[in-house]
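Throughout, a chain's letter reflects where its sequence line sits, starting with A, and its residues are numbered from 1.
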Protein chains: 2
Amino acid sequence: MTTAPDAHRSAGRPRTAVLSRERILAAAFALADVRGGDFTLAALARSLGVRPSALHHYFAGKDELIAGMRGQLTSRVGDHGFDTLPWHEAIIPWARTYRVTFGAHPGIVAALATLPVADEPESMLDYERIARAMHRDGYPEHRIVPAIVALESFIIGSALDSLTPEDNLRPVSAPDRTPHLTSAEEAARAQLRTHDRSAATETFEFGLAALVAGLRAAGTAATVSGPTESGV
Amino acid sequence: MTTAPDAHRSAGRPRTAVLSRERILAAAFALADVRGGDFTLAALARSLGVRPSALHHYFAGKDELIAGMRGQLTSRVGDHGFDTLPWHEAIIPWARTYRVTFGAHPGIVAALATLPVADEPESMLDYERIARAMHRDGYPEHRIVPAIVALESFIIGSALDSLTPEDNLRPVSAPDRTPHLTSAEEAARAQLRTHDRSAATETFEFGLAALVAGLRAAGTAATVSGPTESGV
DNA sequence: ACCTGAACACCGTTCAAGT
DNA sequence: ACCTGAACACCGTTCAAGT
């Protein structure tokens, strides 16, 4: 929370611009970091010592601001050795970074996940690296995009999961009505103590390894079955 | 959009109650069905021919309303033969239903995914069925909950993905800068024409099969590796 | 008990007015 | 060009007042 450097600034154009896309984005991330804090343009303007209307000079609206944040986050994820490692190895640190990068801003993940990716160059170059590595490693051409999107869905879902209160799935209310779930929960909890990781992170690592292994195997298998759209 | 049966109702208590939790929830789902429509209490009240403040008689606030919707959706998912089929078979139709049930309400998925699951009995009984089946099939006790949560993360992420515009990942802007991604996208698109499914559904089926296969294999493998929390 | 109507403290966005 | 300040059309929530 940056305090206003000059709270009672006079009207009219300042001698030197107090705002910039960079400064606004930085303040926006700082605002999105706080947990329960509602991510509003009013609060953002307040933290910058400025009126809300001033923000519209740099971003057309709230959606464009969030899109800007998303673009900056995507470019932060960066490369993870896709050129030197097999795709199924390089994808692991990439997925980890992706999850913590997006999960680090509780006030905004939902908006980031929901907002249509308006064809960002950053995302495209990110995907291109992965697609190239998978192609090089002989992954079936028509399954490359589905595999990447499936991974992304899991990562986004995991980022959202990491924001829920810790004891989310713990059946406190009626342990006698959910005996198997309760004992499974306890077993998982006991296992957790041997690691330096949260339950959400442990689950993510477990699921990620499983998904990547499954995607790898599917890259060499014959076909995938399932019902038609109209049959659902 | 239900129109008000009596738009200019007089003030004071009506002879017979015009609202109920059931009626409000039904109208809320109808409202959440429309794509771009903002899900507001004002719009909900309007569709019920009632003032916004009247809703607070049945739900403490917007969050409680959404929690009520979530509970109703969860109980709709229901059983899918976990008692008679192996968990890795019964889980497939369960996951499909889960995704379409939550994905059917664009205006609300993000809120559903974000809102902390306040210990709903419906969810707990749902998870109990799965946990019992996995336990019966010899799945390692401490991995049952992580497996379920990983699946749920994938499903939530896929539900969000299914709401984005169709050509989301298609690199329209600079196909020459993303050659591998572009050709992979085209190959996937060609493959898609042979099925009666959307790209999102195809990806979901592919990823689901891979994840379940991976989780199954992890249930018989030795250990899962990964970095510690502090090392991320 | 069940709803209206007014009130409160907010939103995001637009736009004339100042320098 | 860059910001303020007022204005607009909204929000969700509270609460006295009516029947």
Side-chain angles (χ1 to χ4, degrees), chain A residues 1-25 27-28 31-32 34 36-69 107-108 110-111 114-115, chain B residues 1-25 27-28 31-32 34 36-69 107-108 110-111 114-115:
Chain A
M1 181 70 83
T2 318
T3 41
D6 190 355
H8 296 285
R9 244 186 21 76
S10 60
R13 183 187 185 189
R15 293 214 235 83
T16 149
V18 299
L19 291 179
S20 69
R21 284 181 71 98
E22 306 301 319
R23 265 179 54 70
I24 293 172
L25 284 174
L31 192 67
V34 294
D38 38 18
F39 187 79
T40 65
L41 292 187
L44 177 57
R46 224 172 288 137
S47 78
L48 285 161
V50 124
R51 302 284 133 184
S53 53
L55 301 173
H56 288 81
H57 245 265
Y58 297 87
F59 295 94
K62 196 176 185 180
D63 282 1
E64 208 194 82
L65 170 70
I66 291 172
M69 295 175 74
I108 211 73
T114 309
L115 208 74
Chain B
M1 181 70 81
T2 317
T3 41
D6 191 357
H8 296 285
R9 244 189 16 77
S10 60
R13 183 187 183 188
R15 293 213 235 84
T16 148
V18 299
L19 291 179
S20 69
R21 284 180 72 98
E22 306 303 320
R23 266 179 55 69
I24 293 172
L25 284 175
L31 192 67
V34 294
D38 38 18
F39 188 79
T40 65
L41 293 187
L44 178 57
R46 223 171 290 136
S47 77
L48 285 162
V50 124
R51 301 285 132 183
S53 53
L55 301 173
H56 288 82
H57 245 264
Y58 296 87
F59 295 93
K62 196 176 184 179
D63 283 2
E64 208 194 80
L65 170 69
I66 292 173
M69 294 175 74
I108 210 73
T114 310
L115 209 74

Between CG of A:L55 and P of D:dG5 the distance, given in whole Å, is 15 Å
Shortest non-hydrogen pair, B:S47 vs B:L44, comes out as OG-O, 2.8 Å
One should read off an interatomic distance between A:K62 NZ and A:T40 OG1, to the nearest 0.5 angstrom, of 6.5 Å
Between CD1 of A:I66 and C1' of C:dC11 the distance, given in whole Å, is 14 Å
message = C:dA7, OP1 or OP2 - any side-chain N/O from B:R51 closer than 4.0 Å?
response = no
Rounded to whole Å, CG of B:D38 lies from P of C:dC11 at a distance of 17 Å
With a 4.0 Å cut-off on heavy atoms, is B:Y58 in touch with a base, just the backbone sugar-phosphate, or nothing at all?
-> sugar-phosphate
- Side-chain N,O (B:R46) to OP1/OP2 (D:dC11) below 4.0 Å: yes
A:R15 CZ to D:dT4 P, in whole Å, measures 15 Å
Looking only at heavy atoms, the pair that brings B:A32 and B:M69 closest together is CB-CE, 4.2 Å
Expected string for nucleotides 12-19 of chain C under the B/S/- scheme (protein heavy atoms, under 4.0 Å, primed atoms plus P, OP1, OP2 as sugar-phosphate) is SBBB--BB
Heavy-atom closest pair (B:H56 atom, B:L41 atom, distance to 0.1 Å) is CE1-CD1, 4.1 Å
Shortest non-hydrogen pair, B:L48 vs B:R23, comes out as CD2-NH2, 3.8 Å
Please tell me if the side chains of A:L65 and A:F39 come closer than 4.5 Å, counting only heavy atoms from C-beta onward.
yes
Stems in DNA chain D, runs of 3 or more consecutive Watson-Crick or G-U wobble pairs with both distances under 3.5 Å, sorted by first number, are C:4-8 with D:12-16, C:12-16 with D:4-8
CG (A:D38) and CG (A:L31) are apart, to the nearest 0.5 Å, by 8.0 Å
What one should report as the nearest heavy-atom pair of A:Y58 and A:L19 is OH-O, 3.2 Å
